[in-house]
Amino acid sequence: GRNSVPFSQVFDSKHFLAQMRSLGIEATFVTFDFTKEQIQCAGMGDVKKADEQIMLQVIKAFKPSPSMQTIIEQIKESFGEDQSDVICLHHRDGKDWHDHCKRWKAASDVDGIYRGNCLSAPGQSFVRSLENRGLTDSKMIYYCGDHDPPPGLSSHKVVSWRTDMSDENKRTLNKMKEGDLRDLYALVDFQVCNSIGHFIGNSVSTFSALQIAFRDGDNSFWYNSQSVPLQNIWNVYQIPIVYTFTEMSEEAGILLLEASIKSVRKHMPNNKIHVLYHGTSNELFRSWLTEHGVIIHQHEPDWKDDIETMRKNGDQYTSHLFSHPGNYFGTWQRIDIPNEIDYEYCLLLDADTIITKPFTLNDFGLDITNGIAMSTERNRDGKPNNAGVMVMNIPKLRETFSDFKAFILEHVSIAEFDSVSPSDQGAYLDFYRLNLDFLSEDFNYKPYWMPDSWQSRVPFIMHFHGAKPHNYILSMMPGVECANSIKRFCESGPRSPYHCHSMHEFSSVVDINRYCKANFKEAKQVAFCEKYLSKMADGGNNCLNSVSFTYALLREIVMRECAMIKREIQRTGRMIKRQTRRHGKTMFLLLIGIICFVVALVRRAYTSKLPVAQRCYRGWHVIKIRMLHFLPSFFHISRQKSR
């Protein structure tokens with residue numbers, strides 16, 4: 001056919017077959033006869049049924065043929081010896097693309113699926129969006145587009161096949177195929193781009209979506225931002241996880257961070273993990289991070305002294321963070337994440353989080369935030385206000401970084417923000433209030449939350465907000481209570497099956513012996529802690545079955561009813577005390593008078609031999625009965641008067 005090219009002319013067929021065999025796939029090439037009935041190819045819906053990683057390896061097996069590789073290498077010579085300063089830019093801005101975007105967006109009116117990111121991200125120019133994604137004056141651009149480069153790129157050296165492919169190589173392509181060579185030029189663009197370390201594209205385009213997948217998102221950006229639509233059928237797009245750490249932290253913080261990282265490796269073994277690391281002395285922990293595939297970014301911020309001044313100006317009674325220099329500084333490290341991470345999006349996690357099931361970029365939805373996204377904190381009010389788990393749009397945070405940093409330093413003297421939340425959380429909520437979206441509770445689920453239905457729900461991330469695992473264990477020990485600031489979490493947590501679930505997941509990854517010794521001093525407490533966590537690690541995996549959910553809901557109902565009865569009893573008791581305080585003097589004098597009268601009457605009855613006195617003595621029981629009736633009547637009259 002006129003629109004066909006033999007496979008071996010553009011791809012290395014031997015390499016392809018060898019890669020298929022390495023994947024356990026038997027493949028062979030056959031000649032396709034266009035005069036006969038065409039082969040029915042699998043549709044895009046069948047991609048969902050395929051193994052994502054095998055499919056990725058199959059696509060990567062398409063290596064250019066020797067003749068195509070010659071053309072690719074000739075274009076790459078235009079970059080010079082150092083290709084580290086080259087960016088591959090895939091830009092769709094032709095008329096056919098704009099027409100496609102109109103049709104694509106109109107389809108949302110029919111099926112309700114979000115399709116609002118086909119063109120550039122709103123609120124910024126195209127060149128500005130590239131600068132937020134790493135384009136600088138010193139960068140060279142390899143331009144892949146459906147038209148000439150826009151004028152805004154005139155200050156950069158731009159390379160493309162249009163201007164830099166030799167006439168000889170163009171003739172070679174013409175010999176491969178008659179007519180329109182658009183597909184062959186796109187293949188050249190794709191392979192040249194695939195050899196460049198830094199990529200910026202349009203995620204709606206399949207060309208860009210494949211480039212992002214090939215790189216695991218590393219040093220990959222898309223100027224239209226938000227989702228990669230291909231993720232709906234090819235769930236291969238990961239979101240990197242980022243932590244922050246300072247060696248000024250307490251020992252327990254290291255153990256929590258280790259457990260969180262191990263939970264990522266347990267459920268998502270190939271996911272990228274980054275740590276902004278402050279300090280240089282703890283080589284043992286740095287080695288542990290390296291062994292677990294964590295990418296370490298040495299972090300020595302220039303604002304550290306200002307944050308310490310802010311901590312000293314803060315009120316320790318409003319937040320426990322102000323009481324510890326390391327913990328306070330550690331919460332602020334996250335503001336530098338945009339300067340360290342080269343991805344379109346990342347997921348920030350606090351050290352007290354545990355991954356409980358795998359997730360990818362697809363699980364955050366098509367309408368993912370253009371700024372930051374947080375979930376609710378304690379009250380499940382549907383408002384974004386907890387920064388312990390936060391989705392970050394890196395280009396947006398880069399664009400606003402200087403203003404955000406200046407905003408923070410303006411508050412050093414008062415150490416508080418308009419938001420009621422302290423520290424960095426208050427700064428994010430205040431500064432980014434117009435770019436703040438809600439993140440599903442499944443990414444920031446609390447152990448003390450009760451189930452909201454009779455059906456089990458397995459969150460992606462459990463967050464030990466407030467009380468930590470050792471606080472819950474401490475509250476189980478006889479005669480010991482949690483601190484007042486977290487007492488409500490310790491009391492409500494064990495009633496929920498999610499408490500059991502989170503403790504099981506935590507126990508399965510934490511170093512039990514080290515964790516218990518770091519948080520408890522007495523031998524009996526350490527032994528209790530080790531026994532409990534070991535039991536949870538071995539047998540706590542049925543926490544979220546239907547029986548547990550039913551029991552938890554019924555228990556919650558009973559406890560609510562008991563709480564109502566308790567409140568009524570307490571209210572009645574307070575009313576009696578209040579009435580007693582109001583009329584205490586009168587009642588006291590009346591009681592003294594009654595006692596004196598009874599005592600005098602009894603003495604007279606004993607000492608007198610008169611028949612009348614004897615009758616009075618015998619009438620004592622009558623007096624006693626009347627007195628018992630009189631006192632409630634008095635209370636009733638006093639209560640009516642007080643109203």
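What you see is a predicted model; the values in this text were computed from it and never measured. Note that the numbering runs from 1 along the sequence shown for the chain.
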Practice task
Specify whether His501 and Tyr498 have parallel, tilted or perpendicular ring planes, treating 30° as the upper limit for parallel and 60° as the lower limit for perpendicular.
Solution key: perpendicular
Problem - Centroid-centroid distance, Phe29 to Phe7, less than 6.0 Å - result: yes
Practice task
Establish, from distance only, whether the side-chain atoms of Asn370 and Asn435 form a donor-acceptor pair under 3.5 Å.
Solution key: no
Problem - Asn362 side chain to Thr360 side chain, donor-acceptor N/O pair below 3.5 angstrom - result: no
Problem - Residues Asp437 and Lys383 bridged, charged N to O under 4.0 Å - result: no
Handout entry: Aromatic ring proximity, centroids under 6.0 angstrom, His90 and Phe207
Key = yes
Problem - NZ/NE/NH1/NH2 to OD/OE distance under 4.0 Å, Arg398 and Asp342 - result: yes
Problem - His91 and Phe126 aromatic ring geometry - parallel, tilted or perpendicular at 30°/60° bounds - result: parallel
Handout entry: Side-chain heavy-atom pair Lys272, Tyr343 within 4.5 angstrom cut-off
Key = yes
Handout entry: Under 3.5 Å side-chain donor-acceptor pair for Ser260 and Tyr243
Key = yes
Handout entry: Under-2.5 Å SG separation for cysteines Cys193, Cys88
Key = yes
Problem - Check ion pair Glu26-Arg21 (N to O, under 4.0 angstrom) - result: no
Exercise for the section: Give a yes/no verdict on a cation-pi contact between Arg133 and Tyr223, requiring under 6.0 Å between NZ or CZ and the six-membered ring centre and an angle within 45° of the axis. Expected result: no
Exercise for the section: Return the orientation label for the Trp222 and Tyr345 ring planes: parallel under 30°, perpendicular over 60°, tilted otherwise. Expected result: tilted
Problem - Within 6.0 angstrom of Lys262 NZ, more than 12 heavy atoms from elsewhere - result: yes
Problem - Whether Trp97 and His100 hold their rings parallel, tilted or perpendicular, with breakpoints at 30° and 60° - result: tilted
Practice task
Check the pair Asn169, Gln74 against side chain to side chain donor-acceptor pair (under 3.5 Å), reporting the backbone distance first and the verdict last.
Solution key: CA-CA 9 Å; Asn169 285 331; Gln74 181 264 306; 2.8 Å; yes
Problem - Carboxylate-amine/guanidinium proximity below 4.0 Å for Lys105 and Asp109 - result: no
Handout entry: Ser208 and Ser203: side chain donor to acceptor below 3.5 Å
Key = no
Fill in the blank from the handout: side chain to side chain donor-acceptor pair (under 3.5 Å) test vs Gln226 passes for just one of Asp367, Asn393, Asn117, Thr369, namely Asp367
Exercise for the section: Look at the rings of Phe506 and Phe464 and say which category their plane angle falls in: under 30° parallel, 30 to 60° tilted, over 60° perpendicular. Expected result: perpendicular
Problem - Side chains of Gln9 and Ser67, donor plus acceptor under 3.5 Å - result: no
Problem - Asp99/Arg103 ion pair, N-O < 4.0 Å - result: no
